Structure formats: C-alpha cells, structure tokens
Amino acid sequence: MGLFESFFRASPNKSAVLAKERLQIIVAHERGSRRGSPDYLPALKKELLEVVRKYVPVDQSQIKVHLDREAGYEILELNITLPDEEPRSRRGSENLPGPGQV
Amino acid sequence: MATVIVVTSGKGGVGKTTTSASFATGLAQRGYRTVVIDFDVGLRNLDLIMGCERRVVYDFVNIINGEANLNQALIRDKRVENLHILPASQTRDKEALTREGVERVLNELRQNFEYIVCDSPAGIERGALMALYFADEALVVTNPEVSSVRDSDRILGILASRSRRAEQGELPVKEHLVLARYAPERADRGDMLSVEDVLEILGIPLLGVIPESPTVLQSSNAGVPVILEDGSDAGAAYGDLVDRFLGKNLPHRFITTQKKGFLKRLFGGG
C-alpha cells in the first residue's frame with residue numbers, strides 16, 4: 001500500500017494537470033472565436049486583398065487581419081507585407097510609391 | 001418579485017435534475033414559495049427524482065396550449081410545504097415550447113411564487129435555450145472532468161449572449177458554479193481536476209461543491225431529493241448551497257480529504 005501510494009504521489013504525469021492545460025487552451029480558443037471574430041471579418045479580408053492586388057501583387061498569406069477586444073474598445077489590426085523587389089522591376093519607369101508596410 | 005433560476009450545464013448526466021430537485025426543495029424548506037419546472041420535453045425525469053411520477057396529470061405543454069390551467073398541472077409536494085412541481089410533457093414535438101408560451105406561464109407563476117427553478121435539458125437545443133432565456137440567475141452544474149467543464153464554458157457563453165437579459169441589455173444573468181461529483185482524494189492524488197482548477201478555468205463564483213456520494217443514487221431510487229436524506233454528505237452539501245444562495249456565508253465542506261482513511265472510518269469506530 002505504501003509503495004503504491006508513493007508510486008502515485010511521485011508520478012510526474014498527473015492526469016489532472018494535463019486536463020487543466022488542455023482545457024485552458026481549448027476554452028481560450030473557443031472564447032476567442034465566440035467573442036472575437038465578427039461575421040464580416042473574412043469578407044473584409046478578401047476585399048482588402050483585392051484592392052491591394054490592383055496595385056501590388058501580394059499573396060493571400062501576406063495579409064493578416066486581427067481583431068482585439070479589450071475593456072470598452074476594439075482594435076482592428078491590418079498587416080500587409082508587400083513584396084520587396086517585384087513592383088520596382090516591373091513598373092520602374094512609373095513613379096509609384098515604393099514598397100512598404102500598410 | 002419572483003426570481004427565475006435556471007439549472008443548466010450543457011453536458012448531460014452531470015447532475016442538473018438532482019441539483020434542481022434538491023435546490024428547489026431546500027428553498028421551500030426554508031420557507032420560500034418555490035416551483036420547479038422540468039424543461040426536458042420528451043424526456044421527463046424530474047417527477048421521478050422528486051417521487052411524484054404517479055401524480056402527473058397535466059404538464060407544461062398542456063398549459064402552454066391552454067389544455068389545462070396551472071392549478072391543474074402543478075403538483076404539490078407531499079413532504080415539503082411551499083414546494084410545487086411542474087412536469088415536462090412527454091410529447092415528441094420539439095416545437096411545443098414556444099417563447100411566448102413559456103413567458104406566459106412564467107409570468108403567471110411569478111404571481112404566486114418567490115423562486116422559479118428551471119431544470120434545463122442537456123444540450124444547446126430549443127429546450128435548453130428556453131430554460132435559460134428568462135433566467136435571472138443560473139446554477140451551472142459541472143463535473144471535474146474535461147468535457148463537462150468545456151460544455152459549461154459554452155453554456156456560459158450562451159447565457160451571456162442569448163438570454164433575455166443579454167438581448168435586452170439588462171444586467172447579466174448572475175452565474176453560480178455547482179461542482180458536482182467531486183472526489184477530494186482523487187483531486188489530491190492528481191487524478192481529478194481540483195476545485196481551484198475548475199474555478200480558474202470557468203471564472204465564475206462557486207456556490208457549492210457536491211461530493212461524489214452513493215446516497216445520490218439511493219435517494220433517486222427512492223424518489224426523494226437527496227437534500228432530505230439525513231446523514232448524507234451530498235445532502236448536507238446541498239443544504240449549505242441553498243443557504244449560501246440565500247446569502248449565508250458558509251465555508252465549503254467536503255473539498256478536502258478526510259483525515260481518517262476509508263478503512264479506519266469503516267473499522268476504526270469513533
């Protein structure tokens with residue numbers, strides 16, 4: 001009995017710890033998708049990408065839209081990484097603004 | 001002014017009906033005019049747990065449809081004064097509970113009762129949504145187990161967004177955690193989420209911890225709410241829970257391991 005007990009007590013893999021960690025992750029994720037992401041976000045992202053693509057060739061993966069909610073206010077964060085070389089080599093003669101971040 | 005309390009959980013089998021029965025009985029024992037309503041249309045069970053299954057004549061849906069009046073459908077509890085039960089219908093019609101109908105019945109009950117306890121079905125379908133829609137307060141019944149905790153969190157989200165209070169921008173539904181089927185020795189051993197773990201994840205105030213106890217099954221076998229069982233730790237825990245709900249400041253019992261081992265308690269006397 002004593003051996004048994006010490007075996008369980010010494011065990012580093014307490015299953016409750018695992019349960020708690022897994023729950024914290026999934027609950028945070030589900031709360032996020034429940035409260036954080038309004039329905040219009042995917043459409044907004046798509047349209048923004050189309051607008052940017054009129055001027056600069058950017059890839060779907062280069063645009064990130066993120067909505068943060070804090071007590072009382074919301075922040076819509078938009079991050080588009082423009083390619084470095086291409087615009088200049090293709091449209092070098094035109095006086096377009098250089099690449100950068102929006 | 002009557003208070004509407006929903007007993008909910010998301011997951012099934014965690015102790016909603018057991019909690020509803022004992023909570024309502026406890027409120028009535030303490031002198032409050034109380035009615036407990038079974039919202040589980042098609043799967044009526046509160047009547048069995050309360051021991052009044054043979055006295056059901058009319059049900060919730062009959063009243064909504066105007067086939068009976070409240071006085072005909074309400075079952076007066078034989079053990080505890082001030083306590084009435086409104087059984088669920090066994091109809092298979094899922095549309096039977098209409099929001100207008102439920103509201104009408106609740107408004108009528110408000111005239112005669114101080115506490116209206118709504119025993120929610122499992123899931124997040126119509127019956128569960130109806131049970132919580134008009135709530136002023138919620139007892140969220142959770143077991144120390146991953147799927148139950150996750151479902152409780154989901155129900156908390158629904159209370160915060162789809163209750164009448166949420167829709168009308170009133171004060172939010174007051175939430176209480178009821179942690180049922182708790183085994184302190186298993187939590188100590190690290191095999192079970194502890195009270196603190198569950199509180200940290202769900203982040204709502206703890207109303208009571210109900211220990212895992214054979215008397216819960218025994219009392220349901222007999223059709224007696226466990227709160228009425230003398231000498232039952234689960235019953236005593238429900239008693240404390242009701243007192244706390246009514247504003248008493250009581251320490252939580254049954255959350256730490258007993259000093260004596262099981263065998264000692266069995267054979268050691270004292």
Side-chain angles (χ1 to χ4, degrees), chain A residues 1-50 60-61 63-80, chain B residues 9-11 14 124 140 142-163 166 169 172 175 177 179 181-204 209 212 255 257-258 260-264 266-267:
Chain A
M1 186 70 188
L3 248 177
F4 242 83
E5 251 175 34
S6 63
F7 172 72
F8 280 116
R9 292 233 167 92
S11 164
N13 276 331
K14 303 264 169 89
S15 63
V17 175
L18 270 178
K20 188 181 178 185
E21 286 171 1
R22 291 174 60 219
L23 272 169
Q24 280 172 326
I25 293 166
I26 191 68
V27 161
H29 177 77
E30 286 175 346
R31 278 180 194 163
S33 60
R34 193 159 73 212
R35 290 166 200 155
S37 179
D39 299 346
Y40 60 75
L41 219 54
L44 175 75
K45 191 171 165 177
K46 188 166 163 276
E47 280 181 44
L48 280 169
L49 189 69
E50 277 163 15
Q60 173 82 46
S61 62
I63 177 166
K64 297 214 163 54
V65 182
H66 189 72
L67 190 86
D68 256 335
R69 271 182 200 187
E70 282 171 46
Y73 59 91
E74 295 174 6
I75 306 165
L76 181 66
E77 196 182 299
L78 180 63
N79 210 319
I80 305 170
Chain B
S9 72
K11 191 176 182 303
V14 296
I124 49 175
V140 178
T142 306
N143 292 169
E145 177 270 325
V146 285
S147 50
S148 172
V149 175
R150 181 202 209 169
D151 289 359
S152 291
D153 191 67
R154 207 143 152 58
I155 280 291
L156 288 171
I158 292 171
L159 281 166
S161 61
R162 299 184 65 180
S163 60
E175 301 152 340
L177 178 65
L179 188 58
R181 309 197 72 164
Y182 191 64
E185 64 283 358
R186 297 182 69 185
D188 282 358
R189 233 186 287 143
D191 291 344
M192 182 183 265
L193 289 164
S194 68
V195 178
E196 294 76 22
D197 290 340
V198 179
L199 281 174
E200 196 183 320
I201 293 161
L202 293 179
I204 61 170
V209 178
E212 170 86 70
I255 59 173
T257 320
Q258 302 266 345
K260 284 182 176 180
F262 170 70
L263 290 176
K264 262 195 190 149
L266 206 62
F267 299 116

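These numbers were taken from a predicted model, which means no experiment stands behind them. Numbered from 1 within each chain, the chains take letters A, B, ... in sequence-line order.
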Considering all heavy atoms, the nearest B/Val146-A/Ala19 contact = CG1-CB, 3.6 Å
For B/Met192 and A/Ala16, the nearest pair of non-hydrogen atoms, with its separation, is O-CB, 3.4 Å
Only one of B/Val198, B/Leu193, B/Asp197 clears side chain to side chain contact (heavy atoms under 4.5 Å, CB included) with A/Leu23; which?
-> B/Leu193
If you look at every heavy atom in B/Glu200 and A/Gln24, which pair is closest and at what distance?
-> OE2-NE2, 3.2 Å
